[in-house]
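Here is the structure we will look at.
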Amino acid sequence: MHQSRKEQGLERTTRQLMLPDLREARIMAELEADIAATEQWGGRSQTIRRPGFGL
């Protein structure tokens, strides 16, 4: 069954609005993992470079 243009537009808009939220959630999960790893190493902070983050 085919979607109408209105339905396609709504689906496309929904995906575009969700992308920043998913990206933010992924970054927050990585930061939490980094914090946990830092705590395990006795609180010594180390700069962790990840490709694509421009650090």
Side-chain angles (χ1 to χ4, degrees):
M1 191 172 192
H2 294 287
Q3 289 182 323
S4 69
R5 287 185 181 190
K6 182 179 179 181
E7 289 172 328
Q8 289 175 349
L10 288 173
E11 187 174 319
R12 194 168 34 251
T13 301
T14 301
R15 275 195 305 256
Q16 290 172 348
L17 290 173
M18 287 181 64
L19 284 178
D21 292 337
L22 293 173
R23 191 176 309 122
E24 182 179 351
R26 191 175 321 132
I27 291 170
M28 290 301 294
E30 288 181 3
L31 288 174
E32 289 174 1
D34 290 347
I35 290 170
T38 301
E39 289 173 351
Q40 287 179 350
W41 285 97
R44 292 179 300 205
S45 63
Q46 296 176 351
T47 303
I48 299 173
R49 294 181 180 256
R50 295 178 189 246
F53 287 101
L55 293 175

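When reading the values below, keep in mind they use all heavy atoms of this one structure, side chains included, and skip hydrogens, waters and symmetry mates. Given the structure is predicted, the values throughout are model-derived calculations rather than measurements. Position 1 is the first residue of the sequence; numbering continues from there.
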### Message
So, using side chain to side chain contact (heavy atoms under 4.5 Å, CB included) as the criterion, who are the partners of Glu7 when residues are at least two apart?
### Response
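Glu7: side chain to side chain contact (heavy atoms under 4.5 Å, CB included) contacts with Gln3, Ser4.
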#### Entry: Smallest separation among heavy atoms of Leu17 and Asp21, with atom names
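Shortest heavy-atom contact: O-OD2, 3.8 Å.
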### Task
Supply the atom-to-atom distance Leu22 CG to Ile27 CD1, rounded to the nearest 0.5 angstrom.
11.0 Å
### Side chain to side chain, Arg15 and Leu19, heavy atoms closer than 4.5 Å
no
### Message
Suppose we screen for salt bridge (Lys or Arg N to Asp or Glu O under 4.0 Å). Which residues come up paired with Arg26, at least two apart in sequence or across chains?
### Response
none
